[in-house]
Amino acid sequence: MFKLIFGLGNLDIENVKALAKLYAEAGAWMFDVSPFMLNTLNESIIECGLNPDDFKFCVSIPLEGDKHGKKAKIIENKCKKCSKCEKSCPQNAIINFVCDENKCIGCSKCKKVCPHNAIELYDKKDYFEAFKEILKAPCKIDCVELHASVPHKSRILKKLKKICKKYKGAISLCISRKVFSLNDSLLLIQKAREIAKDNADFFVQADGNSMNCANSQPVSTLECVAFAAALKDSGFDEKKIILSGGVNEFTKDLCHKFSLHPKALAFGTYARKSVQNLSYDEALKSAKNLVLNASEACHG
């Protein structure tokens, strides 16, 4: 199964619409957006003549402190206008030394290359409020995912309880072995499943080399595959595992080497960059190849 991650912080309407149309035609299984973009996603699928019910819609919510929910800001009085940040941004979010919040996905690439310490990252804090608002409308939601790559189990479980109190569909918990050991991950998953016991389903998104800006190397995807394989070896159902963070063209082969057949591969920046600057036909061909890649990884 192929899951497209638009980027939790991606609020660029035109970008979301274009990607939704392309990957819907390519045969994607699930689309992952922030609560701010759910209506845009639904409208995009309808506009291209497809049925939203043929796809799964996942709404992602970051825990405060998770890098997926952060935004970059350029500090004007420190900026020396060297343009290194602009050149490094995978989303083209920085223009004329101003970061567009709608395009920024919080990857911190700009901050890492800035030689003047002129960029700060801050939490965008209204995701949960936006989630509660879309629940009031007749919006299609098949899954809610909590991004929890922060070292605070009590805060994670508290937020999950709030989500499950509002929503009874499928739940996905996105966690990273960079934050929790395998044993701590398993304990967290066990407690999370107890909280979500009345929900329709429960998945774990095994987050590996997240926010890697589409690094096309086998080592980039190794961590998420290894994490998923460790979860499987510990008794967790592999068909309840989604791989993310560093997922690329090499993920399929590594899954086969680990005898791993997960529920889905979640392609993020890699999928978005793979279709940039291509004609529609070329982009569609590339998208179909990624969808096929994911299917072969999951089904062997």
Side-chain angles (χ1 to χ4, degrees), residues 2-26 28-64 66-72 89-93 99-107 122-148 159 163 166-167 169-172 174 205 207 210-211 242 244-245 264 266-276 283 287:
F2 176 95
K3 176 182 177 181
L4 177 66
I5 301 174
F6 288 89
L8 201 158
N10 186 359
L11 306 178
D12 185 337
I13 291 175
E14 293 308 314
N15 178 259
V16 169
K17 282 188 173 184
L19 287 169
K21 180 178 187 298
L22 181 70
Y23 277 98
E25 290 193 21
W29 167 64
M30 178 178 279
F31 295 111
D32 186 319
V33 294
S34 76
F36 302 101
M37 289 287 102
L38 182 62
N39 284 331
T40 296
L41 171 60
N42 187 74
E43 291 168 0
S44 302
I45 299 299
I46 293 173
E47 285 174 5
C48 60
L50 298 172
N51 186 349
D53 290 336
D54 291 336
F55 308 92
K56 300 295 184 183
F57 290 176
C58 178
V59 171
S60 281
I61 302 168
L63 199 68
E64 188 170 331
D66 189 297
K67 58 186 176 181
H68 295 87
K70 290 186 178 294
K71 298 288 184 177
C89 180
Q91 294 292 110
N92 299 317
C99 184
D100 184 346
E101 185 181 88
N102 288 336
K103 293 182 178 181
C104 176
I105 59 171
C107 70
Y122 63 93
D123 285 298
K124 182 175 172 58
K125 298 181 179 180
D126 49 353
Y127 286 97
F128 189 68
E129 293 304 315
F131 164 66
K132 289 192 293 184
E133 287 300 313
I134 62 172
L135 289 179
K136 297 176 183 178
C139 296
K140 170 182 164 63
I141 305 176
D142 298 290
C143 183
V144 172
E145 181 166 283
L146 176 60
H147 276 266
K159 179 67 77 173
I163 291 172
K166 298 283 184 182
Y167 174 79
I171 292 293
S172 175
C174 182
Q205 186 156 294
D207 201 18
S210 187
M211 296 288 197
I242 299 172
S244 72
F267 285 81
T269 307
Y270 187 86
R272 301 193 296 271
K273 289 189 72 174
S274 294
V275 298
Q276 279 183 356

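Quick caveat, the model's predicted, so the values are computed rather than measured. In what follows, every heavy atom counts, from backbone to side chain, and hydrogens, waters and symmetry copies are set aside. This chain uses plain numbering: 1 for the first residue, then up along the sequence.
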Of P62, C174, P35, the one forming a side-chain contact (heavy atoms from CB on, under 4.5 Å) with L8 is P62
* Flag the pair E47 and K17 as a salt bridge only when some basic side-chain nitrogen lies within less than 4.0 angstrom of an acidic carboxylate oxygen. =>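 So E47 pairs with K17 through a salt bridge.
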Atom of [X], atom of [Y] and distance for their closest heavy-atom approach:
{"X": "S34", "Y": "V59", "result": "C-CG1, 4.3 Å"}
{"X": "D207", "Y": "S244", "result": "OD1-OG, 3.2 Å"}
{"X": "I46", "Y": "P52", "result": "CG1-CG, 3.7 Å"}
{"X": "W29", "Y": "A264", "result": "CZ3-CB, 3.6 Å"}

Practice problem: Tell me whether the guanidinium CZ or amine NZ of K140 lies under 6.0 angstrom from the six-membered ring centre of F57 and within 45° of its axis. | Solution: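 Yes, K140 lies over the aromatic ring of F57.
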Just so I know, are the side chains of [X] and [Y] near enough to count as touching, which here means a heavy-atom distance under 4.5 Å?
{"X": "T40", "Y": "V33", "value": "no"}
{"X": "N10", "Y": "Q91", "value": "yes"}
{"X": "T269", "Y": "K273", "value": "yes"}
{"X": "E101", "Y": "Y122", "value": "yes"}

**Message:** Applying side chain to side chain contact (heavy atoms under 4.5 Å, CB included), can you list everything that pairs with A24, at least two apart in sequence or on another chain?
**Reply:**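 Expected list: F31, I45, L50, F55.
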Quick check: does any side chain N or O of [X] sit under 3.5 Å from a backbone N or O of [Y], one acting as donor and the other as acceptor?
{"X": "R272", "Y": "I5", "value": "yes"}
{"X": "D12", "Y": "N15", "value": "yes"}
{"X": "K71", "Y": "C104", "value": "yes"}

**OP:** Give a yes-or-no answer on whether the side chains of Q205 and S172 include a donor-acceptor pair shorter than 3.5 Å.
**Re:** no
Checklist line | Steps toward ring pair (Phe, Tyr, Trp, His ring centres under 6.0 Å) verdict (F267, Y23) | finding: CA-CA 11 Å; F267 285 81; Y23 277 98; 8.5 Å; no
Only residue of K159, K56, K3 satisfying salt bridge (charged side-chain N to carboxylate O under 4.0 Å, His left out) with E145 is K3
- Query: Is it the case that more than 12 heavy atoms not belonging to I13 sit under 6.0 Å from its CD1 atom?
  - Reply: no
Q.
Assess the residue pair E64 and Y127 against the criterion (side chain to side chain donor-acceptor pair (under 3.5 Å)); give the C-alpha distance rounded to whole Å, side-chain angles, the decisive distance to 0.1 Å, and a yes or no.
A. CA-CA 10 Å; E64 188 170 331; Y127 286 97; over 6 Å; no
F6 vs I105, test: side-chain contact (heavy atoms from CB on, under 4.5 Å). Steps then yes/no. CA-CA 9 Å; F6 288 89; I105 59 171; over 6 Å; no
